[in-house]
Structure formats: structure tokens, C-alpha cells
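In this text the structure is predicted, and so the values were computed from the model without any measurement. Sequence lines set the chain letters: A, B, ... in the order given, protein chains first and strands last, and positions in each chain run from 1.
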There are 2 protein chains.
Amino acid sequence: MIMDDRKKRILQAIIDDYIDKAEPIGSRTIARKYELGLSSATIRNEMADLEEMGYLAQPHTSAGRVPSDKGYRLYVDKLMPARDLNHEEIRELKSATETRVYELSQLLKQATAVLSGFTKYTSMAVTPRMRNSTIKAIQIVPIEPGKALVIVVNNAGIVKNSLIKFAEQANSEMLGRITNLLNDKLAGLTFEQADIEQIKTLGREIGVSGEILAPILEGTADCIYQMGDHEMYVEGSTNILNHPEYKDMDKARQFLSMLDEKTSICRALSGSAQPFGITVRIGSENDLSSIRDCSLVTVSYNVSDTMAGTIGIIGPTRMEYSKVISSIRYMKKLVSDEIDRLLGREPDSV
Amino acid sequence: MIMDDRKKRILQAIIDDYIDKAEPIGSRTIARKYELGLSSATIRNEMADLEEMGYLAQPHTSAGRVPSDKGYRLYVDKLMPARDLNHEEIRELKSATETRVYELSQLLKQATAVLSGFTKYTSMAVTPRMRNSTIKAIQIVPIEPGKALVIVVNNAGIVKNSLIKFAEQANSEMLGRITNLLNDKLAGLTFEQADIEQIKTLGREIGVSGEILAPILEGTADCIYQMGDHEMYVEGSTNILNHPEYKDMDKARQFLSMLDEKTSICRALSGSAQPFGITVRIGSENDLSSIRDCSLVTVSYNVSDTMAGTIGIIGPTRMEYSKVISSIRYMKKLVSDEIDRLLGREPDSV
DNA sequence: TGTTAGCACTCTGTGTTGGCGAGTGCTAAT
DNA sequence: ATTAGCACTCGCCAACACAGAGTGCTAACA
């Protein structure tokens, strides 16, 4: 059987309608509502063909048709109407980067909040995994007697800090010596590559007690750990409850507990990462079995040339793909520009 | 009508049973299950009395009885069986403070996660509101050319920092002068009391351009803002879906969207704060109308002598009060000890 | 040969009905 | 004061009928 233009038009009409109404569509409805110049009987025949080809499914005999994952796939790839954001919508999305942020985490929180509010689906984001980032600089700042802040900057310009406590007094001259030692020995390395024993030995040689050095190394490790850890933001998780496919309590609970599990979201988001452009995973295309009846639209953003995080929108497979895709595309641009600003590069210089 | 001992025993039996079963209790059930030495008819009469007195309610004629808010109140105040945590349970709660934390936020995240897992209700926590904390010290640390970290310590020993960017070069000698100026002028004050214009003038006098000073002041303000802001953690929000009173979708949605609103939770938690001990707000005792059919158990923890945050557990009014109360009491102790450790005072010295 | 009108058939959702069971309140006996 | 007995109430559930939407097939038509 061949997929001619008429079939495509009919399929598009069915999916458009289903995305809007969430109810199986009958041939009569299509014939009446969309001006295809065809009778319901003809459409009926075509629908039977489309079902045979796997683009449509029938919940039961004598019900209307519903798009299958394969149908959505064709829709997203070829049939979907282009959707340009109007001024009003652009203004709404832009609000995500209007209040000035100081940190990536804040930026992502606002971006996901705006995206979920705008699309009425659930929005998520993860920070880049910087497992193999290298240490650029370390600073130790005394805060008050017995307390200091260890500050680590990595090669992406990300700054993390950790508050440490000394059991005994450490004067600033000694902290200076330790700072130099650490920068000498750690700069350019990942923390895994660092030889902690060597540093302890060298520390003793320049007269630094283990009591002082240990918490500093621990604080450094904590900073590195913070950098290596995914941070994750989810907004609008309850939006899913507004969609009729989740009126069933058990399905809703399953979805929400999936969102509570940090690891599953990370897997879902990172798994579908693609260097550029937008990825759409429809239903069974998702690796994660618990979201087999959801669609996940993701895009990755760059923090430095080597590290990328991901933003995603998840909703029922019956999703307003065109709206979701255009809004996530625009949000990626907003976030990328803002990151460039945060990290000190001007957007136009990139 | 007088509330004699027998009535109390019956009321307790009804509430115990209802907490367990979530279904209206009939007189026959009580007579059979609890050995009160009374026939169902007698209990029936007593139940009618208890309803008239407002401790019980009847969903409809010929249904069993259900405790009212007033009934729960008496139960919590007088009838509730004491509940001691066993070793296993203590071990589970203790796991909240076993992985070493560096920050209050981490500590609260773990505490709420463990509490919600243990009780199967929703657990929340807010950090203290430090609106009127005063500035103890400010440091400016150059990170790389054009970037620096502003660090502010307040009188409670809480450290916040903010990454800033300079439009022009700032040498470390100049940053030192600014640091001294800021400490001179701001130490001991709240940020509202600070005279920013005066600082700008003084800055110009010692040869610091506005281009340099402005981001520093902005970074300082950001730190103060972070301190003044409530941070809030919610864990186990989907636990509510496991309780039959929330099998109705709309109620569940309402509950979950309440949790999404930061402000409402803050209001709920802070509103019920009481300097010491545990507060139980049952159903209509809550100010917030959206949780009129929930009970909220809160306890506050001290960060310094003047500042306190709150931990809470929220669930249906049909809640295992004794378990919730004993576990939140124990968690308060764990969190308090851990905060003392974090802020450098040893638990035993307090 | 593709399109359409007509028709019998299928299946779900909804409203109705009737019996069952749990529980109550009241009365009279203990 | 307590209890046995009884009539009554009301929600729950299964059975049933039925309307409505939609299908597939056949035959007629352009």
C-alpha cells in the first residue's frame, strides 16, 4: 500500500483533531470538519488503510481511530503544521531570563517554570555532567576563626565552594602556602587524577599539619563532587493531571513517582541527548519503560565547548508537538545566551 | 452530657480503628474487636452521645461513625497511645544525618526525605527567615580576570556567596580597599540599614570607579537576599495518593498544586510555629483553607539563638498521629545536633 | 475505477432497577 | 443501666436495556 498525499492529509486531520480533543475520531467527524472534499465513506476506507499500515489504531471495533506512535512519528517528521510564536508568546518565554540570575541553577529553574507554564506540560532540566572537568584554580578564604571557604573553579568557569571547619588554628600565611601547593599539584587535573597522598606528604614537608590539610582536601573534594553531580529541576509536574489520559489514578501516580526519582529523569534526559537540534521521543521510542506512553522533547544547551546539559518537556503522546517544539527551541536560545552572559562571554562574540 | 471514661475508651477505639481502616466504624465492629465488655447496643447509644457532643460524625444515616476534627483533637491531647520508636525505626531516622552534609539545605533535604519515607506522608521544611540578620563580614575573592566572588557572613554564622563580573580590570589591592570599606560601613547592620549612596561616595573618594563598585554591591545584595529568602523543601508529595481520602482526582490535584506553591507552604509552616515543642493543626484548625482536610504536624529547630526554621509533616486528618509526632520529635533532635555541628558548636557544649 | 449512499452490526457509556448488607434508632425485657 | 430484637435507611453493586457513535460491506453511480 502506498502513502499518498490524500492519506497524509487525512492522517494529519485526525492527529490534529485528536491532539485537541483526546477522543477517538470517526470518519464522519473528519468529513464534516475538514474540507477535504470527500465523503465519510471514502475517509472510512482510507482510515482502514491507515490502520493496516500502522499509523492508526482502534481502541475497539466501532470506536473511532486513534493515532499510533508510528502515526505521531510521521506527523512530527512531515505533517505537523509549522508554528511561529507570536509576540505575546515570545514575551512570556522571555520572562524566564528577565530577572537577573547569578547561577546556572537559578536560570534552569526559571526556564523550566516558564516552559511548563507556557506549554501546560511538565518541564525538566539537568545541569551538565562535569565528571571529567579539570581544576583551574583553588582558593581558601578564612571566614572566621576555625572556619574557611574552599573555592574551586573548573575549566568551564564554573565556581563551587564548600565551607570547612578546622579543629585547630590556621593562620593566613599557612593557608596561602597550602593554596599554592594545591594549585601547583591539582591545576589541569581531574580530581580522580589527583594524588592525595602525595599532597599530604608535601603538606607535612612545608609544615602543615594533617588537622589543617584534611578538611581542606575534603572541601575541595566536595566542590568537585558538586560539579560532577547532576542537578535537576522539574516544574509543572501536576500539569499531567489535567490531561484526560491521566484521569486514571494509578497512571498518574506512576508518572509522578517517576518524576520523584532523580535517576530516571537523568537517564531519560541524558539518554536522548543529541549534540544539536531537538530530539522527540514518542511513546515506545523511549528507553525508559515507565514513560512508554509519554512523549519527551529534549534539547541540549552548551555550557562550555565540551559540556552540555539538557532541557526537556514531557507529556502524553497526544501532545501539541508544534507548540512544544517551537517553544523549547526558543528557550534553548534564551538559556544559551544567558549562560554566555553568566560565564563572561558576550553572546555576539561566540 | 459528661465525657466519662467509658466514652473516652470508645472514642479512642473508634479513632484507632478509623486511622487504620479509613472506613466508617459501626457499633458492632467496636463491640467485637475491642474488649470493652459492652454490647453493640450500648456502644450504639454512646456513639450517638459522642456524635451529639461533636466528637463523631456520620457520613449519612445508617453508615458508621467517623471522627470529627474535635474528636481528633481530644485524641491527640489525651487519648492517643504513647509510641516509642524501636531500634529499627531509630536507625532508619538516623540515616538522615549519616551522610555528612556541608550545608543546611542538604541537611533539610535529607531530613524531609527520610521523614516522608518513614511516615508515608508528605514532609516539608523551611530554612529560617533571616530578614533581620546583620552582616558580620564581607570578603571579595578574585576568581579570574574580570570575575570575583563576594562572600558575606551574617551574625548567625551563615555564609552566602555570589559570583560577580567586572566590566573593567580590578587589581587585588583595590579589592582589598573596597573590602575594608564595606566591612567598616556594613558590619553590624542589616542590609536595609546600609547607606548605599554613602558607600558609593566614599568609594569614589578612595579612587574606586562605579564600574567596579556596582557589581560588588549588587553581589552583596544578592547574598543578603539569599539569606533573607526562605528556602523550602518538600518530599514525598505523591505519598498522599496512596491514601483513600485522595482517590478523588480533584482533591489530589488540589493538594498537589498547594504543594507547588512555595508561598502557601511557607505560610502554613511559619504560621503554626511555636517556640518549643510540637504543634499539631487538625483539619479546620489550619488557617490555610486549602488544607482544611489535612493535619499538619510541625516543629521548629533553632539555627542560632534568634533564628528558627520549621519542619513539618502533612497528611490526611486520619493520620497516625503517634507515629508522626514521635518521629518528628526525634528528627528535630537529629537536625538540631547536626546544625550545631555545622555551625561549629559541639552538641554537648550547648 | 474511484466514490458514495445505505444498511446491518458492534460496542461503549449511561440510566434504571432491585436485592444485599451494614448499620442505626427505638422499644421492651432483663 | 444494659441488652436483645426489630423495623427501617441508605449506599453499593450487578443485571439489564437502550441510545449513540462508528464501522465494514455492498451496491449503485459518475
Side-chain angles (χ1 to χ4, degrees), chain A residues 1-11 13-15 17-18 20-68 71 244-245 247-248, chain B residues 1-11 13-15 17-18 20-68 244-245 247-249:
Chain A
M1 197 148 342
I2 191 170
M3 186 65 177
D4 57 16
D5 254 25
R6 193 172 73 176
K7 283 194 173 53
K8 283 185 187 166
R9 275 205 308 280
I10 292 174
L11 181 60
I14 293 173
I15 298 186
D17 210 75
Y18 187 69
D20 188 35
K21 298 288 192 325
E23 269 164 21
I25 323 289
S27 51
R28 224 176 90 83
T29 314
I30 296 296
R32 237 183 311 140
K33 240 166 103 177
Y34 297 83
E35 297 177 354
L36 299 170
L38 296 167
S39 77
S40 71
T42 310
I43 292 174
R44 207 140 58 227
N45 290 331
E46 293 286 40
M47 282 166 86
D49 290 352
L50 285 167
E51 181 174 359
E52 201 184 325
M53 294 163 80
Y55 294 103
L56 292 178
Q58 216 173 2
H60 56 83
T61 339
S62 90
R65 297 306 203 298
V66 162
S68 67
E245 31 271 269
K247 70 177 196 300
D248 175 30
Chain B
M1 195 147 347
I2 192 171
M3 186 66 177
D4 58 15
D5 255 25
R6 194 172 72 177
K7 282 196 173 53
K8 284 185 188 167
R9 276 206 307 281
I10 292 174
L11 182 59
I14 293 172
I15 297 186
D17 210 76
Y18 187 70
D20 188 34
K21 298 290 193 320
E23 269 164 21
I25 323 290
S27 53
R28 223 175 91 83
T29 314
I30 296 296
R32 238 182 310 140
K33 239 165 104 175
Y34 298 83
E35 296 178 353
L36 299 170
L38 296 169
S39 76
S40 69
T42 310
I43 292 174
R44 206 140 59 228
N45 290 330
E46 293 286 41
M47 282 166 84
D49 289 353
L50 285 167
E51 181 174 359
E52 201 184 325
M53 294 163 79
Y55 294 103
L56 294 177
Q58 216 173 359
H60 56 85
T61 339
S62 91
R65 298 308 205 295
V66 161
S68 68
E245 32 271 270
K247 68 177 197 303
D248 175 30
M249 203 72 206

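- Looking at residues 49-65 of chain A, you'll see A:Gln58, A:Ser62, A:Ala63, A:Gly64, A:Arg65 sit with a heavy atom under 4.0 Å from some atom of DNA chain D.
- Sorted by first then second residue, the salt bridge (Lys or Arg N to Asp or Glu O under 4.0 Å) pairs that include residues 29-42 of chain A, not counting sequence neighbours, are A:Asp17-A:Lys33.
- For the side chain to side chain contact (heavy atoms under 4.5 Å, CB included) test, no residue two or more places apart in sequence or in another chain qualifies with A:Asn45.
- Look at CE on A:Met47: it is 17 Å from C1' on D:dC25, rounded to the nearest Å.
- Here A:Glu245 pairs with A:Arg318 under the side chain to side chain donor-acceptor pair (under 3.5 Å) rule; sequence neighbours left out.
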N/O donor to acceptor pairs below 3.5 angstrom from side-chain atoms of residues 48-60 of chain B, sequence neighbours left out:
| from | atom 1 | to | atom 2 | distance (Å) |
| --- | --- | --- | --- | --- |
| B:Glu51 | OE1 | B:Arg65 | NE | 2.6 |
| B:Glu51 | OE1 | B:Arg65 | NH2 | 2.8 |
| B:Gln58 | NE2 | B:Ala63 | O | 3.3 |

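- Here D:dA1 presents its P atom at 11 Å from NZ of B:Lys7, a figure rounded to the nearest Å.
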Please tabulate, for side-chain N and O atoms in residues 24-31 of chain A, each donor-acceptor pair with protein atoms closer than 3.5 Å (sequence neighbours left out).
| from | atom 1 | to | atom 2 | distance (Å) |
| --- | --- | --- | --- | --- |
| A:Ser27 | OG | A:Arg44 | NH1 | 3.3 |

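- B:Lys33 has its NZ atom 15 Å from the C1' atom of C:dA22, to the nearest Å.
- By the side chain to side chain contact (heavy atoms under 4.5 Å, CB included) test, B:Asp20 is found to be paired with no residue, residues two or more places apart in sequence or in another chain being considered.
- Look at CD on A:Glu23: it is 9 Å from P on D:dG22, rounded to the nearest Å.
- Expressed to the nearest 0.5 Å, how far CD1 of A:Ile14 lies from OH of A:Tyr34 amounts to 9.5 Å.
- A:Arg28 has its CZ atom 13 Å from the C1' atom of D:dT23, to the nearest Å.
- Under the rule for a side chain to side chain contact (heavy atoms under 4.5 Å, CB included), the partners of A:Arg6 that lie at least two apart in sequence or sit in another chain are A:Asp4, A:Arg9, A:Ile10, A:Leu38, A:Thr42, A:Glu46.
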Sort me out a list of protein N/O and nucleotides 3-7 of chain C N/O pairs below 3.5 Å, or just none if empty.
| from | atom 1 | to | atom 2 | distance (Å) |
| --- | --- | --- | --- | --- |
| C:dT3 | OP1 | A:Arg6 | NH1 | 2.6 |
| C:dT3 | OP2 | A:Arg6 | NH1 | 3.3 |
| C:dT3 | OP2 | A:Arg6 | NH2 | 3.1 |
| C:dT4 | OP2 | A:Ser39 | N | 3.1 |
| C:dT4 | OP2 | A:Ser39 | OG | 3.3 |
| C:dT4 | OP2 | A:Thr42 | OG1 | 2.4 |
| C:dT4 | O5' | A:Ser39 | OG | 3.4 |
| C:dG6 | O6 | A:Arg44 | NH2 | 3.2 |

